[in-house]
Amino acid sequence: MSKGLPKRSEDYSLWYNELVKKAGLAENSAVRGCMVIKPYGYAIWERMQRVLDDMFKATGHSNAYFPLFIPKSYLSREADHVEGFAKECAVVTHYRLKATEDGVTVDPDAKLEEELIVRPTSETIIWSTYKSWVQSYRDLPLLVNQWANVVRWEMRTRLFLRTAEFLWQEGHTAHATAEEAIAETKQMMEVYAEFAEKYIALPVVRGVKTPKERFAGALDTYCIEGLMQDGKALQAGTSHFLGQNFAKAFDVKFATKDGGLEYVWGTSWGVSTRLMGALVMAHSDDEGLVLPPKLAPIQVVIVPIYKGEEQLAQISEKVLKLKKELEAKGISVKYDNRDTERPGFKFAEWELKGVPVRVAIGNRDLENGTAEVARRDTKEKSTQQFDSLTDYIPALLDEIQENIYSKAFNFREEHTTKVDTYEEFKEVLETKGGFVLAHWDGTSETEERIKEETKATIRCIALESPEEDGVDMLTGKPSKQRVYFAKAY
RNA sequence: CGGGGUGUAGCGUAGCCCGGUAUCGCGCCACAUUUGGGAUGUGGAGGUCGUAGGUUCGAAUCCUGCCACCCCGACCA
């Protein structure tokens, strides 16, 4: 492990890339654009999965699994959908290799009759399946989720934020009425928002995408948008109301109570390993990761400070008891008793890895019945009575979780600016970044022009934002509501 | 996919312009002394110089193709 991380203030991108690698979250692989998620990074993802999965189950969803490969013809069934994904699909054309002098080559005789697409998302294969699952209103609603990998052949990739292959979950539901499907869409957006705020400790704006930004094939795309420390926005989750688009494309109809035959209404929603990027960029600092306790694979690390076997034995005895007590309270504890590293090195290493709480115990503490407790978020150190730790640490973890949330919340508040003129708009984007609240005339033309001139896009039309009469900062046309602009990931 | 940059030991690098078999730091291994914020000393191991070809008596160095990564654009979660 080499020491030192680039400073956020000097090169934010480099800081992010180095941090992800040095903290042991992920690294680039032999395959262009694809990453290896390392054990420590995957442990965080597993925690996210577990929490989200419980939330999905609690809202009535069940998991299932659909194939990685999608017949090429399926993609073309829904016009907008094809257009959205066609440019970034991996295609399987053959099913066999044959040996040659210098290795293997694709066997030209083993050409697939119909080529297969590696799923960029699963709407088409799932809706083609739903056709046979749905006949009657009694089969509805259909509430299914799958945890899977998907492939989008991206030209420019970054660890977690945009990779050619990524892990995600995609929920796909079918309903008897539009109202119910819309309620589902909003509900799942709210599940995501709650997850982001309570677990990632990332405050998010709940909103609707503009037609230009919404999912290909959807009638409406709801989203949650977070703000990163460099002032750029990051879309952390999306939930789509698909209307009857896919039902029509795949002929999914149901018999209604009164004997009619209607197309079902659909939704789809997903979050991906991109959340890992959000987690890193929302809280971490120049010393390394800062993990919210609720997602940290290791919540407490205990470092012994000793001279000789005898002292270590004495310390270990007390520490192992403490470890057990904390674990009984559901806290994950690592006792770093490696004899090969010195305490200072361990401190730095666990800070890099973002462990929320560190406890150090040395000879002095043994004599005094104390321990040194350091919190990662503020780097404050304090001396506590050893016997109080089983109560002190759980409370401290809660406090850290809250503190990093409010820090992120305050940052967002400070970096959300209302502007009324285009000059101001450009100035804010250049000098301070963040969300910019401005009036917009509702046309894609204006949106496009602003994007071209400033690189900023409309992140969303916030659900909670009040109606307010105003005029578009660019065209002067009337507007009833401010929308969120930002430069985005 | 377009423009720019980079690729030398596990990591970070010097050398490249001006061709002669590779520098330094961290890390690694051994031993000793150490251990309350990234230890110190001594000794040691580790290299197809991204890759394939070309020029040359000789290539890390010059030329060409390819690959990967980074930055900027277009596209996108």
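Residue numbers begin at 1 in each chain, while the letters A, B, ... track the order of the sequences. Worth knowing before you read on, the calculation uses all heavy atoms, side chains too, and leaves out hydrogens, waters and symmetry mates.
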For the ring pair Y40(A) and W45(A), is the centre-to-centre distance below 6.0 Å?
-> no

May I ask you to check whether T121(A) and R119(A) show a side-chain donor-acceptor distance below 3.5 Å?
-> no

Phosphate OP1/OP2 of rC70(B) contacted by R156(A) side-chain N/O (<4.0 Å) = no

To the nearest Å, give me how far apart OH (Y12(A)) and P (rC72(B)) are.
-> 14 Å

Indicate, with a heavy-atom threshold strictly under 4.0 Å, whether R358(A) touches base, sugar-phosphate, or nothing.
-> base

Atom-to-atom span, CZ of R152(A) to P of rA74(B) - whole angstrom | 20 Å

What is the distance, rounded to the nearest whole Å, between atom CG of L14(A) and atom C1' of rU6(B)?
-> 13 Å

Taking only side-chain nitrogens and oxygens of R32(A), does any of them come within less than 4.0 Å of OP1 or OP2 of rA68(B)?
-> yes

Indicate the ring-plane relationship of Y199(A) and F195(A), choosing parallel, tilted or perpendicular according to the 30° and 60° boundaries.
-> parallel

Give one of base, sugar-phosphate or nothing for R342(A), where a contact means two heavy atoms less than 4.0 Å apart.
-> base

Does a nitrogen or oxygen in the side chain of S13(A) sit under 4.0 Å from OP1 or OP2 of rC71(B)?
-> yes

Evaluate the ring pair (Phe, Tyr, Trp, His ring centres under 6.0 Å) criterion for residues W269(A) and F56(A): first the C-alpha distance (whole Å), next the side-chain angles of each, then the deciding distance (0.1 Å), finally the verdict.
-> CA-CA 11 Å; W269(A) 28 273; F56(A) 300 156; 5.2 Å; yes

Are OP1 or OP2 of rC75(B) and a side-chain N or O of K451(A) less than 4.0 angstrom apart?
-> yes

Name the nucleic acid region contacted by N363(A), choosing base, sugar-phosphate or nothing; use a 4.0 angstrom heavy-atom cut-off, strictly under.
-> base

Separation of rG37(B) atom C1' from E351(A) atom CD, nearest Å, is 8 Å

When we call it a touch if two heavy atoms are under 4.0 Å apart, what does T221(A) touch: a base, just sugar-phosphate, or nothing?
-> nothing

Using a heavy-atom cut-off of under 4.0 Å over every strand shown, decide if L234(A) touches base, sugar-phosphate, or nothing.
-> nothing

Integer-rounded Å distance: rC72(B) P and K232(A) NZ = 7 Å

Can you tell me how far C1' in rG15(B) sits from the matching atom in rA60(B), rounded to whole Å?
-> 8 Å

Check: F250(A) ring centroid to Y130(A) ring centroid under 6.0 Å | no

What residues, two or more places apart in sequence or in another chain, satisfy side-chain hydrogen bond (donor to acceptor under 3.5 Å, both in side chains) together with Y335(A)?
-> S316(A)

Y489(A) atom OH is separated from rC76(B) atom P, nearest whole Å, by 19 Å

Let me know which of H172(A), E170(A), Q169(A) forms a side chain to side chain donor-acceptor pair (under 3.5 Å) with N145(A).
-> Q169(A)

Scan residues 286-312 of chain A against RNA chain B and write down, sorted by residue number, each residue with any heavy atom closer than 4.0 Å; if none is found, say none.
-> I305(A), Y306(A), K307(A)

Could you tell me whether F166(A) contacts a base, only the sugar-phosphate backbone, or nothing, with contacts defined as non-hydrogen atoms closer than 4.0 Å?
-> base

May I ask you to say what K455(A) touches in the nucleic acid, namely base, sugar-phosphate or nothing, with a heavy-atom cut-off under 4.0 Å?
-> sugar-phosphate

